Peer 1: 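This is the structure, below, for whatever I ask next.
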Amino acid sequence: MMYETILSPIHYGGMQLKNRIIFAPTTFGLSDEEYLAKIRAIAQGGCAMIIVGDVPVGKSRFEKSLFDAKGFAFYQQVVKIAHDADCKVCAQLHQSDSNLLAMFKYIPGLLLKKITPDQLREKLNAEVAPYITNMSQRKIHEIISGFGKAAALAKQAGFDMVQVHGDRMCGSFSSAIFNHRTDEYGGSAENRARFAVEAVSAVHAAVPGMPIDYKLAVRQENPHFGNAGVVEEELPVFVPLLEQAGVTSFHVTLANHSALENTIPPADHPYFSQPGCFLKFCDEVRQYTDLPICGVGGLNDPDLVEQQLASGRIQCAAMSRQLLADPDWVNKLKNGQAEQIHRCLRCNKKCLGGLMAHQGTRCVYDALREKEAKNA
Ligand SMILES: Cc1cc2nc3c(=O)[nH]c(=O)nc-3n(C[C@H](O)[C@H](O)[C@H](O)COP(=O)(O)O)c2cc1C
């Protein structure tokens with residue numbers, strides 16, 4: 001198989017991508033040095049664009065922020081590493097929906113190991129509805145304007161694109177499960193879309209002409225998966241509004257706020273075990289827009305990815321875990337070495353598992369790859 005669609009360029013939201021493979025937003029929890037080395041390997045491995053995960057839309061104590069000099073300089077370094085490898089870079093702009101004040105009261109319990117990180121997640125999820133529902137309009141407007149400011153800073157730092165993270169706070173406002181407001185930000189689907197739509201509008205106004213990707217987190221009932229994000233039935237309301245606000249492409253996946261194992265499903269997941277498990281959500285989104293759509297979720301088999309792109313079902317394929325397992329996925333296809341790809345096992349042991357254990361995002365193939373690099 002020639003993989004000609006995978007390797008063909010595409011006009012993606014007003015920007016040219018050299019092929020169809022995008023590194024999905026991924027949090028690493030590594031030292032700067034290790035993180036930059038990973039980004040370098042992924043960029044040099046041939047993918048067309050890297051989406052840098054979790055870039056906050058304000059100052060942050062926990063994440064690298066564009067709003068302080070050190071964070072800004074760090075992102076400039078990331079951009080340069082990608083550009084040197086002829087790889088585009090996109091900043092995933094996000095606002096956490098964890099109520100930090102609520103979180104502080106759990107820290108002693110966590111430190112004393114009286115509650116586990118999983119229990120903490122559960123407790124924080126329980127705080128989301130009151131946090132979203134009771135947020136003042138002043139705070140809402142402040143966060144929305146933060147999206148615009150962050151986009152302007154991202155452009156200044158050299159990013160080629162921004163992605164508005166449609167999970168997290170945008171997703172919580174979107175969801176009737178969390179959003180019980182009675183003002184114009186709650187109630188009808190159109191009102192629940194308002195926060196996300198205004199965030200996109202703020203980005204569009206701040207960086208006119210810059211492509212805007214939207215990570216559209218879709219949740220489903222029957223069986224129930226995902227609590228934040230847009231329920232399938234409301235896509236016809238959300239998708240056109242987001243497009244009108246300035247979105248130029250959609251990155252479609254399952255919504256979060258249940259367990260991370262659902263949005264990052266392992267191969268033995270009871271429901272989303274199949275490669276391409278979230279592509280059905282792309283089909284639904286396709287009914288309401290002609291914009292390019294990027295699929296994600298267990299897309300690691302070159303033949304499957306080629307088929308999905310060639311049929312026009314998706315325009316780009318994003319992968320996180322596969323490029324952690326083998327950053328050279330694209331180069332190996334180019335060089336006719338598809339059979340030498342280290343196939344992601346979707347075991348989640350050292351990527352999600354590593355991140356959760358505070359050991360950083362790694363991969364069970366790391367040792368093997370290091371050995372290969374030494375022998376090369
Ligand atoms: C370790 C790890 C960290 C992730 N961090 C983020 C993140 O910061 N933002 C985000 O939107 N998605 C994040 N994701 C989800 C991925 O972008 C992707 O949607 C998911 O892993 C499914 O794709 P895959 O099967 O190619 O890994 C992360 C995934 C992993 C494995």
Side-chain angles (χ1 to χ4, degrees), residues 21-30 34-35 38-39 42 47 49-57 60 62-64 78 90-98 162-171 213-218 225-226 228-229 250-257 259-269 272-279 281-282 294-302 304-305 308 314 316-327 329-330 341 343-366:
I21 303 304
I22 294 173
F23 180 55
T26 302
T27 297
F28 279 89
L30 294 174
E34 278 187 297
Y35 175 76
K38 291 259 187 216
I39 291 291
I42 290 165
C47 67
M49 180 159 74
I50 288 173
I51 304 178
V52 176
D54 282 351
V55 179
V57 301
S60 172
F62 308 104
E63 296 156 319
K64 290 270 190 310
V78 174
C90 172
Q92 177 184 55
L93 303 183
H94 94 113
Q95 169 70 35
S96 163
D97 57 7
S98 295
V162 289
Q163 178 186 76
V164 172
H165 198 333
D167 227 327
R168 310 284 163 81
M169 194 167 280
C170 288
D213 194 34
Y214 189 82
K215 177 159 171 170
L216 182 51
V218 183
F225 278 108
F250 286 101
H251 181 112
V252 178
T253 185
L254 177 76
N256 207 336
H257 269 309
L260 285 170
E261 285 72 24
N262 294 328
T263 48
I264 309 172
D268 61 359
H269 190 278
F272 294 114
S273 63
Q274 291 305 309
C277 50
F278 303 138
L279 292 175
F281 298 133
C282 298
C294 179
V296 67
L299 292 174
N300 57 358
D301 172 46
L304 174 83
V305 173
Q308 305 306 319
I314 48 175
C316 284
M319 34 185 88
S320 170
R321 290 171 293 176
Q322 178 57 59
L323 295 190
L324 301 175
D326 194 340
W329 194 90
V330 175
I341 288 173
R343 271 306 166 84
C344 170
L345 306 169
R346 289 180 289 132
C347 67
N348 281 2
K349 279 191 187 139
K350 296 217 169 171
C351 52
L352 183 58
L355 191 61
M356 290 297 124
H358 302 289
Q359 289 162 357
T361 299
R362 302 175 191 277
C363 178
V364 291
Y365 284 114
D366 282 353

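Counting starts at 1 for both ligands and their atoms, in listed order. Model, not experiment: these values are computed from the prediction.
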Peer 1: Would R168 and N256 count as having a side-chain donor-acceptor pair, cut-off 3.5 Å?
Peer 2: no
Peer 1: What part of Q92, side chain from CB on, backbone N/CA/C/O, both or neither, has a heavy atom under 4.0 Å from ligand 1?
Peer 2: side chain
Peer 1: Of all the non-hydrogen atoms in the protein, which one sits nearest to atom 27 (O) of ligand 1, and at what distance?
Peer 2: R321 NE, 2.8 Å
Peer 1: Among V252, T263, N348, which one puts a heavy atom closest to atom 22 (C) of ligand 1?
Peer 2: T263
Peer 1: Under 4.0 Å, heavy atoms only, figure out whether ligand 1 is touched by the backbone of K215, its side chain, both or neither.
Peer 2: side chain
Peer 1: Considering residues at least two apart in sequence or located in another chain, which fulfil the side chain to side chain contact (heavy atoms under 4.5 Å, CB included) criterion with E63?
Peer 2: D54, P56, S60, H94
Peer 1: Do any heavy atoms of T26 fall under 4.0 Å from ligand 1?
Peer 2: yes
Peer 1: Quick one: nearest non-hydrogen protein atom to atom 8 (O) of ligand 1, plus distance?
Peer 2: T27 OG1, 2.6 Å
Peer 1: Do M319 and C344 come within less than 4.5 Å of each other through their side chains, counting heavy atoms only?
Peer 2: no
Peer 1: Mind checking whether N300 contacts ligand 1 via backbone (N, CA, C, O), side chain (CB onward), both or neither, at a 4.0 Å heavy-atom cut-off?
Peer 2: neither
Peer 1: Tell me, yes or no, whether the heavy-atom count around K350 atom NZ, taken from other residues, nucleotides or ligands under 6.0 Å, exceeds 12.
Peer 2: no
Peer 1: Which residue and atom name correspond to the protein heavy atom nearest atom 30 (C) of ligand 1, and how close is it?
Peer 2: I264 CD1, 3.6 Å
Peer 1: Mind checking whether R168 has an N or O less than 3.5 Å away from an N or O of ligand 1?
Peer 2: no
Peer 1: Any idea which of I51, D54, L254, V296 brings a heavy atom closest to atom 23 (O) of ligand 1?
Peer 2: V296
Peer 1: Could you tell me, atom by atom, which parts of ligand 1 come under 4.0 Å of a heavy atom of G298?
Peer 2: 24 (P), 25 (O)
Peer 1: Are C47 and I42 side-chain neighbours, meaning at least one heavy-atom pair lies under 4.5 Å?
Peer 2: yes
Peer 1: May I ask you to list the atoms of ligand 1 that are less than 4.0 angstrom from any heavy atom of T361?
Peer 2: 1 (C)
Peer 1: Once you restrict to heavy atoms under 4.0 Å, what part of Q322 touches ligand 1? Side chain, backbone, both or neither.
Peer 2: neither
Peer 1: Given P25, S320, G29, A24, which has its nearest heavy atom closest to atom 15 (C) of ligand 1?
Peer 2: P25
Peer 1: Could you list the atoms of ligand 1 found under 4.0 angstrom from a heavy atom of M319?
Peer 2: 26 (O)
Peer 1: Is there a side-chain contact between F250 and C282 (heavy atoms, below 4.5 Å)?
Peer 2: no
Peer 1: Measuring from atom CD1 of I341 to atom CD of Q322, what distance do you get when rounded to the nearest 0.5 angstrom?
Peer 2: 6.5 Å
Peer 1: With a 4.5 Å limit on heavy-atom distance, are the side chains of D167 and C170 in contact?
Peer 2: no
Peer 1: For the residue pair F272 and H269, categorise the inter-ring angle as parallel (less than 30°), tilted (30 to 60°) or perpendicular (more than 60°).
Peer 2: tilted
Peer 1: Return yes if some donor-acceptor pair links the side-chain N/O of T361 with the main-chain N/O of T27 below 3.5 Å, else return no.
Peer 2: yes
